[in-house]
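Notes for the one structure printed next.
Just so it is clear: chains get the letters A, B, ... in the order the sequence lines come, proteins before strands, and each one is counted from 1. Given the structure is predicted, the values throughout are model-derived calculations rather than measurements.
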Amino acid sequence: MAEITLTLPDGSSRTVADGTTGGELAAAIGPGLAKAALVAEVDGRAVDLAAPLHDGDKVRFLTDRDGESLEHLRHSTAHVLAQAVLSLWPGATFAGGPPIEDGFYYDFELPGGATFSEDDLGRIDAAMRRIIDADQPFERFELPVDQARTLMAEHPYKRAFMDRAEEGDESEGEVGGGATVSFYRNGDGFVDMCRGPHVPSTGRLGHFALMRVAGAYFRGSEHNPMLQRIYGTAWATRKDLAAHLHRLEEAAKRDHRRLAAELDLVSWPDVLGPGLAVWHPKGAIVRKVMEDYSRARHQHGGYEFVFSPHIARSTLWETSGHLGFYAESMYPPMELDGATYYPKPMNCPFHLTVFRSRQRSYRELPLRLFELGAVYRYELSGAVHGLLRSRGFTQDDSHIFCTREQVPQELASLLAFVLDVLGAFGFEEFQAKLSTKPHEKFVGDDEYWDLATEGLRAALEAAGLEYTVDDGGGAFYGPKIDVDLKDAIGRSWQLSTIQLDFNMADRFDLEYIAPDGTRRRPVMIHRALFGSVERFFGVLLEHFAGAFPTWLAPVQARVLPVASAHAGYAAEVADLLVSRGYRVDVVDADESLGNRIRKAKAEKLPYVLVVGDDDVAHRTVGVNARGNTVERDVALLAFADRVEAEVAPFRDV
RNA sequence: GCCCGGGUAGCUCAGUCGGUAGAGCAAUUCACUCGUAAUGAAUAGGUCAGGAGUUCGAUUCUCCUCCCGGGCUCCA
């Protein structure tokens, strides 16, 4: 057998037998070059460690801290999970088991429609660790499709993956297209159909934890059978695993539902029903400040305010199309005086009726209507999630009516406006997505779609915003830009959206009189900035972990007299600050100073003002700011100016 | 809606192998009047989510319903 020379990343070269696998090489190199090497890369492409290497291959070993290598480690751990489950549940079959962010999952179907319970995770975990301790090598082999089908005779979901691959769709990742199908075998004959690659052997694994059991529809469609999914997390080292688990604990502390209770902001009384919240005074004042700021910005930005009722006759929803398409998400109707009324799931139709209330001229366009409109949607019970997904919520809803020619300019200024306001709330990192014309089922001509899509794209680029393109992901009535933000545990939530609508103006027969006297159809743009005030508040709460910036904080400063003798001066300090428009309270010396400070810190107040003898004598305050910097003898008026500087930009827009 | 898990004091939780319950914090009262993250004592607070069943007896076992959490689906 010919010998080949491989160039290693440190510049050295190594001579090995032709056909040596990456895994053998990794083992041979040992602890020196790549102590924890888990996967090799040849010519910039990840290769299977079981695949043979050939002369001239430039091999780079990725360390186990590399994301890509972690992916293989997680995928291999998923295999071990499947191996364990199939050995513990004879007759079980399996579907897909990919690596995901932070870990992996695998989908199973148990005999007789049995389900996993969380108690099963312990013995699955134990079985997995036995496989890992045995350090079984992963061996790759390939079979022609017909033999592959025979091998997977007992596993219909695997065969379904093959069907999809044979049709040329490789999106499911389990198996590549082509004449052969690849498999991995390890240990006691466990075989999984898999594209690979894997770590060399199971002994490389072990820093994992099974997290939870969930139902999951095959291929994500509710028309398919529901499989039993097990989620796990897997890392290269014990330390990384511990750090991840610690991050999860920390994230749980930022959960907006937990903070809402701890900070006395919002609650969800059972008597109201799922997905319905009440706002307590401290939550409500934050919301009011948010809404006031939003209104001020909108007024400044050329919007006109409108109001609309919470219910409307069915005729409106028939005209808008909601009853036809979305009736199951609407709250059920009320029959009254021979008419049928529905609670509104959207504000759009009302704004259309405002436009249509009289004849409109091109001189009025763009006409920007704005409303903080409460809507009700009957979300699936399993989807309700605190303030982030509720059944009653308030959209900061805007509908802009303009001419075709005005679309590009209007979109650019809209997006700039959206990003500027998001920035004011401290959001700088978000994910933007441009969704284009659906491949099937859409309304409007191509010229319209191109104009609108390019308008959106130009707006994104003018804003210097990175974005992804969801090809065909637009609504049937027009393309859109969505802006998503992540919550404390990394789940994305859609906040802002800008949508072109080629449909609604037709349905409501909107017209304006053009300069030449003809009647023209205006273009309609839907735009929500917060998305929903409730959701935005929830994401904001998690973003700041409850420590709102001064302009938003429910209590901006608390005055603590050192002893009751200082209560008079404390009240004076508070009165002065309140008279200047700040939210300030006083807590008397019924408890020790230390305890009152501790409580104020737990409430995450921006400022705690301690006043004692010295302060009474010199009209000063002791300032304990968030972060625990303590300054003594600050002149009262100087402190007031400091607050003013923080708050003014959000009041005087 | 579907799969898994949960619901004990305002909050965080313990407990009862079936004999109607406890802690810490919070609340209330009293005392303490204190210079930067827990002063002390006392008091009050629970249909053990709701309903049905089994039982002499159910918070505990069984079933149903409601609600909450994590996923899946959905999100106009």
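In terms of the side chain to side chain contact (heavy atoms under 4.5 Å, CB included) criterion, residue partners of A/S496 (sequence neighbours excluded) are, by chain and number, A/V418, A/L422, A/V483, A/L529. Partners of A/R368 under the side chain to side chain donor-acceptor pair (under 3.5 Å) rule, at least two apart in sequence or in another chain, are A/E410. The salt bridge (Lys or Arg N to Asp or Glu O under 4.0 Å) check on A/D506 picks up A/R521, with sequence neighbours excluded. Applying the salt bridge (Lys or Arg N to Asp or Glu O under 4.0 Å) criterion to A/K601, with sequence neighbours excluded, gives no partner residue. Considering only residues two or more places apart in sequence or on other chains, A/V213 meets the side chain to side chain contact (heavy atoms under 4.5 Å, CB included) condition with A/F116, A/E118, A/L121, A/Q228. Take A/A602 and apply the side chain to side chain contact (heavy atoms under 4.5 Å, CB included) test, not counting sequence neighbours, and it matches no residue. Taking the side chain to side chain contact (heavy atoms under 4.5 Å, CB included) definition, one finds that A/P156 meets it with A/T93, A/R159, sequence neighbours left out.
Rounding to whole angstrom units, CD of residue A/E379 and C1' of B/C68 are separated by 17 Å. Between the CG atom of A/D255 and the P atom of B/C68 there is a distance of 14 Å, rounded to whole Å. Atom CZ in A/R391 sits about 8 Å away from atom P in B/C67, given to the nearest Å. Regarding A/L121, its CG atom lies at a distance of 18 Å from the P atom of B/C3, rounded to whole Å.
Among pairs with a residue in residues 264-278 of chain A, those fulfilling side chain to side chain donor-acceptor pair (under 3.5 Å) read A/D264-A/H280, A/S267-A/H280, at least two apart in sequence or across chains.
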Base versus backbone protein contacts along nucleotides 36-46 of chain B [heavy-atom cut-off under 4.0 Å; B, S, -]: BBBB-------
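On the P atoms, B/C63 is 13 Å away from B/C4, given to the nearest whole Å.
Between the side chain of A/R212 and the base of B/C4, no donor-acceptor pair under 3.5 Å is found.
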What N/O pairs connect the protein and nucleotides 61-63 of chain B at under 3.5 Å? Give each pair on its own line.
none

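Residue contacts shown for A/P561 are absent, as no nucleic acid heavy atom lies under 4.0 Å away.
Remark: RNA chain B takes part in the stems B:1-7 with B:66-72, B:10-13 with B:22-25, B:27-31 with B:39-43, B:49-53 with B:61-65, each of 3 or more antiparallel Watson-Crick or G-U pairs, criterion distances under 3.5 Å.
If you check residues 227-234 of chain A against RNA chain B, the residues with a heavy atom closer than 4.0 Å are A/Q228, A/R229, A/Y231, listed by number.
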